[in-house]
Visitor: 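Before we start, here is the structure in question, set down as structure tokens.
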Amino acid sequence: MMNGFVSLVGAGPGDPDLLTVKALRCIQQADVVVYDRLVSEEILALIPASVARYDVGKRCGQPSMKQEAISELLVTLAGKYQRIVRLKGGDPYVFGRGGEEALLLVANSVLFEVVPGITAAIGCAAATGIPLTHRGLSRSVTLVTGHVQDGGEFHGWSGLVKSGGTLVFYMGLERATELRRGLLQAGAPAHLPVALVVAGTTRQQRVEVTSLACLEQAADMLSGLTPVLMIMGEVVQLRAELGHMAETLLQSVA
Ligand code: SAH
């Protein structure tokens, strides 16, 4: 058994005030922090200066560290340090590949914990005035990733449409055409409201509301901006009434 203890820590969607107390404590007590591109500068500023850091993030156009290499790095660090913090955007177990890292830690008998974080869907919903469920409008919310391993095709469109609930897509806008086609062919209504949320919960937050039929036009307006979350469903209409106050408060965040 190695000495090091690894905390897979969810850093939340961006606003440092949305870190959990436990996440903040982990950061302050760490010997080494491994982080990636989704972790905001404000949160990185909370890491004490004496703490060793590893940036394993993908940056546009630059090579990133492969997932296997990141997991292996954690195992190596567990042999050198006592408290290792693996800081991830949102929640580690929601499209964060935290599960893969956890499996390798278990396989190498490294002790670890998972500190949950506010996932992008939850953070963006609050910051844009879009309740993910709402009586009479949506009885469920489904979190969907746009990434398909090995370039395989996604066959789940009709299941998503049949659910009748809110759909939240974690993916870049480059798949907008495929998404629109897949959902329309599966019977989703053309008018289905969609909110595209860029950098939700931060002062750079930007929101475009459109319909499924016009998804690409709205995506074009935001091209190049990241990260982007898509919230789809009738609940998006509530933003007309609830969005203003959420966004006014966001601008006044210190
Ligand atoms: N583990 C993370 C998700 C990682 S996948 C979580 O729980 O939130 C990366 C995707 O998350 C991005 O492509 C984007 O779709 C979404 N995302 C993360 N943070 C975001 C933010 N602040 N605003 C909008 N989308 C965000």
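Source: prediction; values computed, not measured. First listed ligand is number 1; within each ligand, the first listed atom is number 1.
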Visitor: Please confirm whether Pro13 comes within less than 3.5 Å of ligand 1 when only nitrogen or oxygen atoms on both sides are compared.
Guide: yes
Visitor: What are the atoms of ligand 1, with element, lying closer than 4.0 Å to any heavy atom of Phe95?
Guide: 4 (C), 5 (S)
Visitor: Are any of the N/O atoms in Thr119 less than 3.5 Å from those in ligand 1?
Guide: yes
Visitor: Could you list the atoms of ligand 1 found under 4.0 angstrom from a heavy atom of Cys124?
Guide: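 So the atoms of ligand 1 that pass are 23 (N), 24 (C).
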Visitor: For the residue pair Val114 and Pro92, what are the closest heavy atoms and their distance?
Guide: CG1-CG, 4.0 Å
Visitor: Checking the side chain of Arg206 only, and the main-chain atoms of Val198 only, is there a donor and an acceptor separated by less than 3.5 Å?
Guide: no
Visitor: Just checking, any donor-acceptor pair under 3.5 angstrom between side chains of Thr177 and Glu216?
Guide: yes
Visitor: Looking at Arg25, I want to see if its CZ is surrounded by more than 12 non-hydrogen atoms of other residues, nucleotides or ligands under 6.0 Å.
Guide: no
Visitor: Pick one of side chain, backbone, both or neither for how Ala199 approaches ligand 1, counting any non-hydrogen atom pair under 4.0 Å.
Guide: backbone
Visitor: Would you name the heavy atoms of Ala30 and Val85 that are closest together and state the gap between them?
Guide: CB-CG2, 3.6 Å
Visitor: Does the residue Leu38 have a heavy-atom contact with ligand 1, meaning some pair of atoms that are separated by less than 4.0 Å?
Guide: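 Under 4.0 Å: yes for Leu38.
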Visitor: Taking only heavy atoms of Val197, which atoms of ligand 1 are found under 4.0 Å from at least one of them?
Guide: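 Here the atoms of ligand 1 in question are 24 (C).
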Visitor: Check for me whether Lys88 has a heavy atom closer than 4.0 Å to any atom of ligand 1.
Guide: no
Visitor: Could you tell me, atom by atom, which parts of ligand 1 come under 4.0 Å of a heavy atom of Asp91?
Guide: 1 (N), 6 (C), 7 (O)
Visitor: Relative to atom 18 (C) of ligand 1, which among Gly123, Gly117, Ala120 owns the nearest non-hydrogen atom?
Guide: Ala120
Visitor: Return the minimal non-hydrogen interatomic distance between Lys88 and Gly98, and the atom names on each side.
Guide: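 Heavy-atom minimum between the residues: CE-CA, 3.8 Å.
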Visitor: Look at atom 13 (O) of ligand 1 and find which of Met171, Arg206, Arg37 reaches it with the closest heavy atom.
Guide: Met171
Visitor: Thr166 vs Ser138, test: side-chain hydrogen bond (donor to acceptor under 3.5 Å, both in side chains). Steps then yes/no.
Guide: CA-CA 6 Å; Thr166 309; Ser138 168; 2.8 Å; yes
Visitor: What part of Val228, side chain from CB on, backbone N/CA/C/O, both or neither, has a heavy atom under 4.0 Å from ligand 1?
Guide: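 Backbone only.
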Visitor: Pick one: which of Thr119, Ile118, Leu8, Ile122 meets side-chain contact (heavy atoms from CB on, under 4.5 Å) with Asp91?
Guide: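 So the option named by the test is Thr119.
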Visitor: Within a distance under 4.0 Å of any heavy atom of Val94, pick out the atoms of ligand 1 and give their elements.
Guide: 1 (N), 2 (C), 3 (C), 6 (C), 7 (O)
Visitor: Hey, does the side chain of Ser7 reach the backbone of Val9 with a donor-acceptor pair shorter than 3.5 angstrom?
Guide: no
Visitor: Quick check: does Thr201 get an N/O under 3.5 Å from an N/O on ligand 1?
Guide: no
Visitor: For Phe169, is at least one N or O under 3.5 Å away from an N or O on ligand 1?
Guide: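 The answer is no, given that Phe169 and ligand 1 share no N or O pair closer than 3.5 Å.
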Visitor: Could you tell me if the side chain of Val56 sits less than 4.5 Å from the side chain of Tyr35, heavy atoms only?
Guide: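 No; the side chains remain at least 4.5 Å from each other.
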Visitor: Would one find an N or O of Ile118, backbone or side chain, under 3.5 Å from an N or O of ligand 1?
Guide: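 No - when backbone and side-chain N and O of Ile118 are compared with those of ligand 1, no distance drops under 3.5 Å.
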